[in-house]
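Reviewing the structure listed below.
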2 protein chains.
Amino acid sequence: MTLKNVAERAGVSVSTASRALNGQARKYRISRTTEKAVRKVADDLGFQASQVARSLRLKRSGLIGVIVPDVSNPFFASIARQVSLGVEASGFSVLLGDSREETAIEQRLARQLRAKQVEALLVCPVGVSCDHLIQLDRAGLPVVVVDRVFEGIELPCVTSDNLQAARELAEVLIRAGHRRIGVLSGVRESLPAKTRLQGLRTAAEQAGFTIGPSYVAGDAFTEQSGYDATQELLDRHPDLTAIFAMCNPAAIGAIRALHERGYTIPGDCSVVAFDDHPSADLMKTPLTVAVQDISRLGRLATDVLLERLDLQPTGHQVDATASSPSVQGVTARSNSDRWQVPTTLLKRASVAEPCR
Amino acid sequence: MTLKNVAERAGVSVSTASRALNGQARKYRISRTTEKAVRKVADDLGFQASQVARSLRLKRSGLIGVIVPDVSNPFFASIARQVSLGVEASGFSVLLGDSREETAIEQRLARQLRAKQVEALLVCPVGVSCDHLIQLDRAGLPVVVVDRVFEGIELPCVTSDNLQAARELAEVLIRAGHRRIGVLSGVRESLPAKTRLQGLRTAAEQAGFTIGPSYVAGDAFTEQSGYDATQELLDRHPDLTAIFAMCNPAAIGAIRALHERGYTIPGDCSVVAFDDHPSADLMKTPLTVAVQDISRLGRLATDVLLERLDLQPTGHQVDATASSPSVQGVTARSNSDRWQVPTTLLKRASVAEPCR
DNA sequence: GGGCAATGCACAATCGTTTGTGCTCTGTCC
DNA sequence: GGACAGAGCACAAACGATTGTGCATTGCCC
């Protein structure tokens, strides 16, 4: 079914058929009679214009690339979902890429998606570098980075308000009296990890103590890393009274490690973490957590993306504020913007006063 | 960067450049010198052939559509992931669609994806009908259905071995002595729900009792449905001693409902369910479950898809067997095939002998 | 009735590839 | 030296849409 078929069967030229179907009838003075006729034929034949041909001509693919480290992780799945739903209204579809937490794959995917002519790229980067993304952006492919931000990244970034969240989370521990707090870090060089650590340390300083480097372990946002880091911390500081996990999987790992060592939570060791778990209330150890508003994160990212494409955002206006006035000098483009989404603190039973 | 630019800069024609880059040099007697020259220029310019133009010409988009009811559900996310990883090697990308559990949206997405010229569609249908999918398939767009299968669907389907799984799960309850078993059904008309119920009933019959319709409630694979259905069942049969949930979310809903009523698990009521939960061992109520091998499900579906596209499956051979000899007569095409993946039974503390 | 505006549509170029065919050389052999 | 084979490449037609422009026809007015 091509437009040509429709045109022939309607007894008009291809151009007329095209205009009739695209609502350009008035503009090009196609008579109502002709318009209806074409429409009817198209309906009867079940005609669907080839987006490929259309893309070629219009130089607009209607495709948005989304690259995440692991789609089966609900956090990223939710983001992918929000983007998918958000851009759909504007006629876009989402091309999905799973980088399996590897920068090399991320790069390959980015190239592959570019070849498919995606009009924009939304990436949750995996590694510590994203020169390839910056290059793409410079080459004219709008890139938006979500969650795993880096410093001086020169790309529009959407994240949670990690500083504030970390501070609040830390204060829960500090007010309960904890001073020897172990930190399960995510990817060290990533901005979320750095910012959260900074938030924690700020809170500690205000309470009159510091958290030394030996109290920080781990280097990935994974359960395994949380488990290993906890073991490491407990070896180094058997007198640890609390654990501050930078993501939920790490907290799960910590719980496993603590259980293995016979520690009770929060009796022997309190635990707080970033990100909630859908059925947290049914867990043996209901964690006190800083909840990221994932769907808002996804929506915001989508809006930033659509804005960069000069399209109307999807209805829910971009309600976060660009925070940092300007990053590292460089060109004063809008792509040094940072967008932040507030988090919610959820107190649960995993924090008690230290008994040691 | 178009091929034309490359060609000009290399001092050759577009056709020569094309062939040089596509490994057709030998076939069309392009000299090695020219070939290398073209390659170099392309590299220098960072040339990437437009997949859009290429698609138009070759009538192959390199796109696979994946439609699931809810990407943020780890079950579907995992499937999407496997497909994404599996087809990537063959140069395909995945176009993602989220039907939000609504047939109307599913239909719209299917049309939209078809317009984008996807070469195949993998769908986890939401509703009770999928005529639109059958139509697409008839129209030449290969469709593969996963998980939410229907009877007489006339499309290749990939599911878990629900009959066997349900039987095993039921036997855990029956051996413990349960006879009054409440069933939290998923979408009633869906084959998974029917098959699982059948498996349960078969096991019951062998044990010499039956499960009447009043012991079955619920009509969706969701937590809410599980919660409501549990309340309903307990109202109808206060003497219920066990609950058989057809999916994990429903089981979670059941747990909530049971807790609300002050029932203990498994003291007052045992619970078994389909699908596991990643950190099930950390739950207050570790459920006995039939675990679907989701990634194998996804891989198998991908392979079936690639086979329908006449491509080599992705390495891991299609190891499940087409079970039903033939469905409902109709054309003896291969698209009446059923593929099944075995499940694993995981016994945990949620089952005890009935005390009432 | 001739001029002019408005109406209604078709022609053809274009987007960036792929690919069948045909043209021009160069060298070899008789 | 002319025929001929083969090597090496260019031409041009697709693929299926969009869109600027130009060609008819009609109606109206003076």
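All values derive from a computational prediction rather than experimental measurement. Protein chains get the first letters and strands the later ones, always in sequence-line order, with residue 1 at the start of each.
In this structure A:Arg100 satisfies the salt bridge (charged side-chain N to carboxylate O under 4.0 Å, His left out) test together with B:Glu88, sequence neighbours excluded.
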Anything under 3.5 Å between a protein N or O and an N or O of nucleotides 13-17 of chain C, put it in a table, one pair a line.
| from | atom 1 | to | atom 2 | distance (Å) |
| --- | --- | --- | --- | --- |
| C:dT14 | O2 | A:Arg57 | NH1 | 2.9 |
| C:dC15 | O2 | A:Arg57 | N | 3.3 |
| C:dG16 | OP1 | A:Lys59 | NZ | 3.0 |
| C:dG16 | N2 | B:Ala53 | O | 3.4 |
| C:dT17 | OP1 | B:Ser50 | N | 3.3 |
| C:dT17 | OP2 | B:Leu3 | N | 2.5 |

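Following rounding to the nearest Å, B:Lys27 (NZ) and C:dT21 (P) show an atom-to-atom distance of 12 Å. Atoms CZ (A:Arg19) and C1' (C:dC9) sit 9 Å apart, rounded to a whole Å. B:Arg29 places its CZ atom 14 Å from the P atom of C:dC23, with the value rounded to the nearest Å.
Judged purely by distance below 3.5 Å, without hydrogens or angles, the side chains of B:Ser18 and B:Ser15 never pair a donor atom with an acceptor atom.
Counting 5' to 3', DNA chain D first comes under 4.0 angstrom of a heavy atom of chain B and last does so at the ends given by D:dA7 to D:dG16.
A salt bridge links A:Arg308 to A:Asp137: at least one charged side-chain nitrogen sits closer than 4.0 Å to a carboxylate oxygen.
For the atom pair CG of B:Leu56 and CD of B:Gln117, the computed distance is 9.0 Å after rounding to the nearest 0.5 Å. Here the straight-line distance linking atom OG1 of B:Thr159 with atom CH2 of B:Trp339 works out to 12.0 Å at 0.5 Å rounding. Of the inter-residue distances, the one linking B:Gln51 atom CD with A:Gln112 atom CD reads 8.5 Å to the nearest 0.5 angstrom.
In terms of heavy-atom proximity, B:Ala301 sits nearest to B:Leu122 at CB-CD1, 3.7 Å.
Annotation for B:Arg108: atom CZ counts as buried by contact number, over 12 foreign heavy atoms lying within 6.0 Å.
Within 4.0 Å (heavy atoms only), B:Ser55 reaches no atom of the nucleic acid at all. Within the 4.0 angstrom heavy-atom criterion, only backbone atoms of the sugar-phosphate kind lie near B:Gln24; the bases stay farther away.
Contact of A:Ser15 with C:dC11 (side chain to base): a donor-acceptor pair of N or O atoms is detected under 3.5 Å.
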